[in-house]
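Since the structure comes first, as structure tokens, the remarks are kept for the end.
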Amino acid sequence: MNYLIYGAGGHAKVVADIIYANGDYVIGVVDDSFRGDTWRGIPFYGHWDNVAKVVLEHPDAQWIIAIGNNQVRKTIVEKMNAFSVKWGKVLHPSTIISPSVQLGEGSVCMPGVIINADSIIGKHVILNTATTVDHDNKILDYVHLSPGVHTAGSVTINELSHIGIGTNIIPGITIGKQVIIGASACVVKDIPNDSLALGCPAKVIDNLSKG
């Protein structure tokens, strides 16, 4: 399988390593700020203005948006959908995933990820290193679970939310849209949309939609 990566930062490095670990290939990278002819030995195909050309030149390649920021990732995906690109899925060989899991296009599972029965993972989701998602979870589009996040059964995390490194979420919790949960939090109550929540137990300290 041939992949094209949008992004040339640290997250993209891990995505590329996973692709190679699966015996597949990264045939090129697009990024809006990188300069040079190659990135880690991979051809650099330029910036956003070159995307349409790259899609035409590599119609069978699958794309991954390797950018950790949820809103930036969503914006790029929505723009690229105009070119009818093929979205890939990237799972590290160590990923353990139940046969009953639904995994959306563009999503990435990094080393040590476990996803248990009947969970639904949306589109362009990042499940970072050693995250565990238990049974009957709903992790919606453009969510990022940072390294070491653990969700218990029947947890829902809505679109564009970012869960900080080492966070634990107890069963049955719902986290709203565009929420940020700080590192090492313990979420024991539902978190409303557009909230910043920190601590153990996690408490809402700010509304991110104001101003």
Side-chain angles (χ1 to χ4, degrees), residues 1-22 24-55 57-58 61-81 83 85-95 103-113 121-131 139 141-149 157 159-167 178-184 196 208:
M1 185 71 67
N2 291 331
Y3 287 87
L4 288 155
I5 293 177
Y6 200 121
H11 182 66
K13 293 178 182 179
V14 182
V15 170
D17 284 350
I18 295 169
I19 290 169
Y20 289 129
N22 285 319
D24 296 321
Y25 299 94
V26 182
I27 59 174
V29 171
V30 175
D31 186 82
D32 293 327
S33 56
F34 183 77
R35 299 291 184 272
D37 295 324
T38 62
W39 176 81
R40 305 183 82 218
I42 300 167
F44 176 61
Y45 287 160
H47 309 137
W48 168 255
D49 292 344
N50 291 334
V51 166
K53 178 182 177 182
V54 175
V55 172
E57 290 178 349
H58 302 281
Q62 297 194 0
W63 286 80
I64 293 290
I65 309 300
I67 294 173
N69 182 289
N70 294 334
Q71 186 58 63
V72 172
R73 195 163 65 259
K74 180 180 181 181
T75 298
I76 293 171
V77 168
E78 290 177 343
K79 290 168 64 178
M80 290 187 67
N81 280 337
F83 303 122
V85 303
K86 295 180 178 179
W87 297 113
K89 302 174 188 177
V90 174
L91 285 72
H92 189 271
S94 64
T95 301
L103 182 66
E105 65 186 20
S107 292
V108 176
C109 296
M110 295 194 171
V113 167
I121 310 298
K123 298 178 181 179
H124 305 281
V125 169
I126 298 170
L127 300 182
N128 222 311
T129 308
T131 63
I139 312 297
D141 299 349
Y142 306 105
V143 166
H144 186 163
L145 303 188
S146 298
V149 169
I157 303 176
E159 185 178 78
L160 292 165
S161 289
H162 189 117
I163 311 302
I165 188 169
T167 291
Q178 299 188 116
V179 168
I180 297 175
I181 305 294
S184 299
L196 170 63
L208 300 174

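We number each residue from 1, following the sequence as shown.
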Exercise. Listed by chain and number, what are the ring-ring contact (aromatic ring centres under 6.0 Å, His included) partners of His92, not counting sequence neighbours?
Worked result: none

For this session: Work out which heavy atom in Ala12 is nearest to a heavy atom in Gly7; give both atom names and the distance.
Result: CB-O, 3.3 Å

Exercise. With side chains defined as the heavy atoms from C-beta onward, is the minimum distance between Leu103 and Leu91 less than 4.5 Å?
Worked result: yes

Problem set entry | Full working for side chain to side chain contact (heavy atoms under 4.5 Å, CB included) between Leu4 and Ile27 | CA-CA 6 Å; Leu4 288 155; Ile27 59 174; 3.8 Å; yes

Problem set entry | Heavy-atom check, side chain of Asn22 versus side chain of Tyr3, under 4.5 Å | no

For this session: Ignoring hydrogens and angles, tell me if any N or O in the side chain of Thr131 forms a donor-acceptor pair with the backbone of Val113 under 3.5 Å.
Result: no

Exercise. Of all residues at least two apart in sequence or in a different chain, which pass the salt bridge (charged side-chain N to carboxylate O under 4.0 Å, His left out) check with Lys79?
Worked result: none

Exercise. For Tyr45, what residues pass the ring-ring contact (aromatic ring centres under 6.0 Å, His included) criterion, not counting sequence neighbours?
Worked result: His58

For this session: Tell me, please, which residues at least two apart from Tyr142 pass ring-ring contact (aromatic ring centres under 6.0 Å, His included).
Result: His124

For this session: Could you tell me whether the side chain of Thr129 and the main chain of Met110 form a donor-acceptor pair under 3.5 Å?
Result: no

Exercise. How far apart are the closest heavy atoms of Ile67 and Ile126, and which atoms are they?
Worked result: O-CD1, 3.8 Å

Exercise. Which atom names give the shortest non-hydrogen contact between Pro147 and Ile165, and what distance separates them?
Worked result: O-CG1, 3.0 Å

For this session: For residues Val51 and Val30, determine if any side-chain heavy atom of one lies less than 4.5 Å from a side-chain heavy atom of the other.
Result: yes

Problem set entry | side-chain hydrogen bond (donor to acceptor under 3.5 Å, both in side chains) partners for Lys13, two or more places apart | none

Problem set entry | Asn81: side chain to side chain contact (heavy atoms under 4.5 Å, CB included) partners, not counting sequence neighbours | Val77, Trp87

Exercise. For Asn128, what residues pass the side-chain hydrogen bond (donor to acceptor under 3.5 Å, both in side chains) criterion, not counting sequence neighbours?
Worked result: His144

Seminar exercise, completed: Residue set satisfying ring-ring contact (aromatic ring centres under 6.0 Å, His included) with Tyr25, at least two apart, ordered chain then number -> none

Exercise. Under the side chain to side chain contact (heavy atoms under 4.5 Å, CB included) test, which residues partner Asp31, sequence neighbours left out?
Worked result: Ala8, Ser33, Phe34, Phe44

Seminar exercise, completed: Interatomic distance, CD1@Ile139 vs OG@Ser107, rounded to 0.5 Å, equals 10.5 Å

Problem set entry | Side-chain (Asp141) to main-chain (Gly122) donor-acceptor, under 3.5 angstrom | no

Exercise. Out of curiosity, Leu160 CG to Asn69 CG, how far, rounded to the nearest 0.5 Å?
Worked result: 9.0 Å

Exercise. With Glu57, which residues qualify under side chain to side chain contact (heavy atoms under 4.5 Å, CB included), at least two apart?
Worked result: Lys53

For this session: Using side chain to side chain contact (heavy atoms under 4.5 Å, CB included) as the criterion, list what pairs up with Leu196, not counting sequence neighbours.
Result: Ile180, Leu198, Ile205, Asp206, Leu208

Exercise. Do Gln62 and Asp24 pass the side chain to side chain contact (heavy atoms under 4.5 Å, CB included) test, and can you show the C-alpha distance, the side-chain angles, and the key distance before you say yes or no?
Worked result: CA-CA 11 Å; Gln62 297 194 0; Asp24 296 321; over 6 Å; no

Problem set entry | Residue list, side-chain hydrogen bond (donor to acceptor under 3.5 Å, both in side chains) with Asp32, at least two apart or on another chain | Tyr6

